Amino acid sequence: MTSRTIGIIGGGQLGRMLAAAAGRLNFRTIILEPQADCPAAQFANRQIVAAYDDRQALAELAASCDVVTYEFENVPVDAAAILALSVPVYPPPTALEVAQDRITEKAFLNRCGIPTARYHAVDSQADLEAALTDFAGAGVLKTRRMGYDGKGQRVFRSAEDSPGGAFAALGGVPLILESLVPFTREISVIAARGMGGKVACYDPAENVHCDGILDTSTIPAAISDATAEAARSAAEKLLAALDYVGVVGIEFFVLPDGDLVANEIAPRVHNSGHWTEAACVVSQFEQHIRAIAALPLGDPARHSDCIMTNLIGDDIDSVPAWLSRPNVLVHLYGKTEARPGRKMGHVTELKSEEKP
Ligand code: AMP
């Protein structure tokens, strides 16, 4: 084993689950996060309480770690690049650059031969009106940067939907108008690429969102083998093109004929991969730690079908009921205040086959 201390930028639940997985493999972890006693720090050996782009904190993190990773895609690219001068940073900072801007992301996916929705850059109300005309009045308007969980979006379903004032309403920042994809379901694939280029893909999950936030992931997804294979193959192409190391999550829309349209890349462990901790021997979190620490990747095969449900806000009150059910793994994130829309934890229920 070459790496002994792993730095993690970001202190949320993904960092917490990475720190727990790292600890089991005898790695120490240091979290860089401005909020003290964050969910990740509760499971880590140490926290550096500072902004993600604080030069002194970055120097301290680089000097204290053998490898640095991150748990969210809006890590300032400059911070990752500064760290990369003195310590290996995985996934490579170029993956952040690609994922942080929806136009760069789509152009990159298309260059890899992976289809996306058609799109136009929108930098003014006039751009928006021209783009909507091109899409016969239907489309999804999104902020190019910093959008998450459906925030910063407006859907136009037909030419009757007036775009009046929509550019300003989204903050007057650079936007993208995507064509409205007539999908039948949404899936995601979680894949890992190791230091030597080996790829391990988990089975695609079928995702249902509620108010823009992931509600459930069901495995297996109700898709054909060909569609599942296309998702895996897209992940392999993308990982190779980025010379990637670590876990990635890729979200897709499934069209009525089974073809895939890629929506988003998350260069990190992903909410729709939380089921792997209950239904696979090696979870996405351990897989990520193995990849960035130059260890062999684990087997991504699932031993059970399952459904993962996010616990959002007051859903936390249902924990005692979940705990009293068989075949359910409950995972809580250590957040004290259950605000609406806040991810408090998740549960994964294994589906055992009916016995005759
Ligand atoms: P996103 O923030 O890109 O993940 O979008 C949030 C949700 O909005 C997605 O999970 C879809 O349900 C819906 N959505 C996003 N983009 C499109 C699109 N181009 N066409 C249809 N639905 C979309």
Side-chain angles (χ1 to χ4, degrees), residues 14 72-74 96 98-110 114-122 127-128 131-159 161 163 166 169-171 173-190 204-218 221-223 227 231 234-235 238 248-274 308-310 312 341-343 346:
L14 300 179
F72 71 114
E73 63 272 38
N74 288 319
L96 285 174
V98 165
Q100 282 180 1
D101 181 313
R102 290 185 191 270
I103 288 189
T104 314
E105 182 176 50
K106 283 191 172 48
F108 177 79
L109 283 161
N110 293 161
I114 303 169
T116 62
R118 289 182 58 215
Y119 62 93
H120 289 288
V122 170
D127 283 354
L128 173 60
L132 273 171
T133 304
D134 188 40
F135 295 157
V140 184
L141 186 65
K142 305 178 179 177
T143 52
R144 279 177 67 168
R145 303 177 70 88
M146 303 297 269
Y148 69 99
D149 287 344
K151 292 197 170 49
Q153 300 195 7
R154 159 106 193 252
V155 181
F156 297 91
R157 303 218 167 262
S158 72
D161 253 343
L170 286 191
V173 294
L175 304 177
I176 178 175
L177 184 77
E178 301 178 6
S179 59
L180 191 62
V181 178
F183 63 83
T184 51
R185 53 190 88 243
E186 295 186 76
I187 64 163
S188 58
V189 71
I190 308 296
E206 182 162 341
N207 303 320
V208 174
H209 297 87
C210 198
D211 298 329
I213 304 176
L214 182 66
D215 182 23
T216 60
S217 292
T218 302
I223 53 175
T227 300
L238 185 133
V248 72
I250 311 170
E251 295 178 35
F252 298 92
F253 301 123
V254 184
L255 300 180
D257 63 3
D259 280 356
L260 291 177
V261 170
N263 180 31
E264 269 187 335
I265 308 168
R268 52 168 170 80
V269 286
H270 194 256
N271 194 168
S272 69
H274 290 1
M308 188 281 315
T309 304
N310 267 338
I312 312 281
R342 194 171 198 207
K343 291 177 180 167
H346 66 269

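Here the structure is a predicted model, which is why all the values come from computation and not from measurement. One-based numbering, in listed order, for ligands and for the atoms of each. Heavy-atom basis, side chains included; hydrogens, waters and symmetry copies ignored.
Taking a cut-off of under 4.0 Å to the non-hydrogen atoms of F183, the atoms of ligand 1 that pass are 12 (O), 21 (C), 22 (N). Near E186, meaning under 4.0 Å from any of its heavy atoms, are these atoms of ligand 1: 9 (C), 10 (O), 11 (C), 12 (O). Contact atoms of ligand 1 toward E264: 1 (P), 2 (O), 3 (O), 4 (O) (distance under 4.0 Å to a heavy atom of the residue).
Ring geometry for F253 against F183 counts as parallel: the plane angle stays under 30°, on a 0 to 90° scale with 60° as the upper cut.
Residues satisfying the ring pair (Phe, Tyr, Trp, His ring centres under 6.0 Å) test with F135, not counting sequence neighbours, are H120. Scored by the ring pair (Phe, Tyr, Trp, His ring centres under 6.0 Å) test, H270 finds no partners at all (sequence neighbours excluded).
Between E178 and K142, at least one side-chain N (NZ, or NE/NH1/NH2) sits under 4.0 Å from a carboxylate O, which counts as a salt bridge.
With a 4.0 Å cut-off on non-hydrogen atoms, V140 touches ligand 1 through its side chain and not its backbone. Here N263 has side-chain heavy atoms under 4.0 Å from ligand 1, and that is the only part of it that gets that close.
Interatomic distance, CD1 of I223 versus CZ of F252, reported as 9.5 Å (0.5 Å rounding).
In the model, N263 has no side-chain atom that pairs as donor or acceptor with a side-chain atom of T116 under 3.5 Å. Between the side chains of D215 and N310, no donor-acceptor pair of N or O atoms lies under 3.5 Å.
The closest non-hydrogen atom to atom 19 (N) of ligand 1, taken over G212, S179, A266, A117, comes from S179. The option with the heavy atom closest to atom 8 (O) of ligand 1, from among R102, R157, Q153, K142, is Q153.
Not close to ligand 1: P182, with no non-hydrogen atom less than 4.0 angstrom away.
Residue-to-ligand polar distances keep L180 apart from ligand 1: every N/O pair is separated by 3.5 Å or more.
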